[in-house]
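This one's a predicted model, so the numbers in the text were calculated from it and none came from an experiment. In each ligand, atom 1 is the first atom listed, and ligand 1 is the first ligand listed. In this chain, residues are counted from 1 in sequence order.
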Amino acid sequence: MKRGLVVQKFGGSSVANVQRIQNVAKRVAGYRKKGYDLVVVVSALGDTTDELIALSERINKNPSEREMDMLLSTGEQASSALLAMAIHKLGYDAISLTGAQVGIITDMQHTKAKIVNISADKIKEELKNGKIVIVAGFQGMTPNHDITTLGRGGSDLTAVALAKTLNADICEIYTDVNGVYTADPRIEPKAKKLSSITFDEMLEMASLGAQVMQSRSIEVAKKFNVTIHVRSSFNKKPGTIICKEVKRMEEFVISGVTLNKNEAKITICNVPDKPGLAAKIFKEVSGGGINVDMIVQNVSHTRQTDISFTVNRSQAVKAVRLTKKIAQKVGAGLVLKDEDIARISIVGVGMKSHPGVAARMFEALAKHGINIEMISTSDISISCIIKKRFGEKAVRALHSKFGLS
Ligand code: ADP
Ligand code: ASP
Ligand code: MG
């Protein structure tokens with residue numbers, strides 16, 4: 001009996017070794033047996049991507065981004081072929097395809113390319129031939145036939161984008177935890193699994209550091225209303241549904257706490273207090289392809305002020321180089337870089353209707369002797385920059401303060 005089309009994505013830890021690949025093959029075969037058509041997206045085995053990055057650094061500390069994409073895409077190419085072989089062994093027909101082969105066309109921003117089109121004709125043809133289609137995640141191809149990758153965690157994006165293009169009935173993201181929790185369960189063992197979460201909350205949590213889903217994949221899911229089921233590849237328990245609207249009897253004040261230790265803080269000292277300088281500085285930085293996160297500038301009392309901002313740590317060296325250049329041009333002082341920071345955030349749509357959430361957050365941090373260096377807020381989140389070593393302690397303190405444990 002035909003049951004519809006399922007897109008399943010298996011993350012690195014789910015395919016980390018031979019036995020796990022065989023387990024994934026069994027799960028996929030089980031769905032096939034029930035009559036589903038299957039498109040299976042895989043990440044590279046275990047820590048392969050990190051290992052390839054480390055290897056490249058030993059050869060060239062400033063590698064060409066095009067070559068980086070050639071290198072990193074091999075991880076997913078290997079795992080897709082291995083999974084196809086494991087499925088063959090169980091007596092089912094499967095074919096592995098790279099991002100380029102399935103027609104995932106991206107722009108030319110190597111290492112963080114955006115998908116511009118997916119033709120998917122090849123997938124449809126192979127499905128029609130009765131095959132289970134295994135797709136190497138995290139990658140695409142430019143119109144000039146150069147291989148690109150979609151940013152760290154990008155296999156999630158491959159899965160969501162394929163689910164949308166193929167109009168799949170289900171998009172399942174299999175990982176090494178049972179779903180999306182109120183905090184990283186590896187940091188807060190008392191964290192609770194959420195049965196459902198809205199796109200907006202998940203987007204906020206993902207962009208503030210909850211690694212469980214790549215934030216860009218949630219942007220796409222939200223845009224095209226692709227419901228996602230995040231669940232464990234190690235058991236059959238239901239996980240977390242990420243969807244447009246969640247009906248909760250009572251709105252929680254916050255639904256999650258996140259920690260991001262991958263940011264660096266850059267401070268430009270003694271910026272003259274003149275209109276247009278912030279624009280000049282951030283134009284220079286963004287012109288270098290750097291995403292600026294939090295920005296803090298104080299009102300000046302001395303005709304000079306300090307401006308601090310955060311960027312992803314991988315872009316910190318480049319950001320400092322660009323900032324120094326522009327600081328000199330506009331007559332500002334020293335440029336300082338601080339990598340010893342972490343961003344701790346609380347997220348929840350409930351904070352819209354509950355006053356005093358920020359005060360409670362600051363109170364909890366103060367009680368644990370944690371100093372706040374920067375603060376930023378959005379409609380549904382509050383973030384503080386703190387010293388890195390307090391990150392985990394802050395997660396547990398806030399988790400308990402807001403009654404999530
Ligand atoms: P995969 O390799 O399957 O893509 P990731 O390592 O990218 O897996 O994401 C899963 C990890 O995300 C978990 O092991 C967990 O430590 C981490 N994580 C961080 N925040 C959360 C959260 N709120 N809920 C669940 N997992 C989280
Ligand atoms: N292997 C890639 C990474 O580690 C993509 C992914 O896992 O989704 O970032
Ligand atoms: Mg991931």
Examine ligand 2 and decide if any of its atoms is less than 4.0 Å from a heavy atom belonging to [X].
X	result
Gly153	yes
Gly154	yes
Glu76	yes

Problem set entry | Minimum heavy-atom distance between Leu71 and Ser56, given as atom pair plus value | CD2-CB, 3.8 Å
Exercise. Any idea how Phe309 and Phe282 line up, ring-wise: parallel (<30°), tilted (30 to 60°), or perpendicular (>60°)?
Worked result: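 Plane angle over 60°, so perpendicular.
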For this session: State the atoms of ligand 2, each with its element, that fall below the 4.0 Å cut-off from a heavy-atom position in Ser43.
Result: 6 (C), 7 (O), 8 (O)
Pairs under 3.5 angstrom only: tabulate donor-acceptor contacts from the side chains of residues 332-341 to other protein residues two or more places apart or in another chain.
residue	atom	partner	partner atom	Å
Lys337	NZ	Glu339	OE2	3.2
Asp338	OD1	Asp340	N	2.8

For this session: For ligand 1, list the protein residues that place a heavy atom within a distance below 4.0 Å of one of its atoms, sorted by chain and number.
Result: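 Lys9, Gly11, Gly12, Ser13, Tyr174, Thr175, Asp176, Val177, Gly179, Val180, Tyr181, Ala183, Asp184, Pro185, Arg186, Met205, Ala210, Gln211, Val212.
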Give the table of side-chain donor-acceptor pairs shorter than 3.5 Å for residues 204-213, with sequence neighbours excluded, one pair per line with atom names and distance.
residue	atom	partner	partner atom	Å
Glu204	OE2	Ser378	OG	2.7
Glu204	OE2	Ser381	OG	2.7
Ser207	OG	Leu203	O	2.9
Ser207	OG	Glu204	O	3.2

For this session: Indicate whether any N or O donor in one side chain lies under 3.5 Å from an N or O acceptor in the other, for His110 and Thr148.
Result: no
Problem set entry | Close side-chain approach of Val42 and Val135, heavy atoms under 4.5 Å | no
Exercise. With a 4.5 Å limit on heavy-atom distance, are the side chains of Leu259 and Arg343 in contact?
Worked result: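 No, side chains not in contact.
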Atom pairs and distances, donor-acceptor, side-chain atoms in residues 116-134, under 3.5 Å, two or more places apart:
residue	atom	partner	partner atom	Å
Lys122	NZ	Glu126	OE2	3.2
Asn129	ND2	Glu125	O	3.4

Exercise. Which heavy atom of the protein is the closest neighbour of atom 4 (O) of ligand 2, given with residue, atom name and distance?
Worked result: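 The answer is Arg152 NH2, 2.9 Å.
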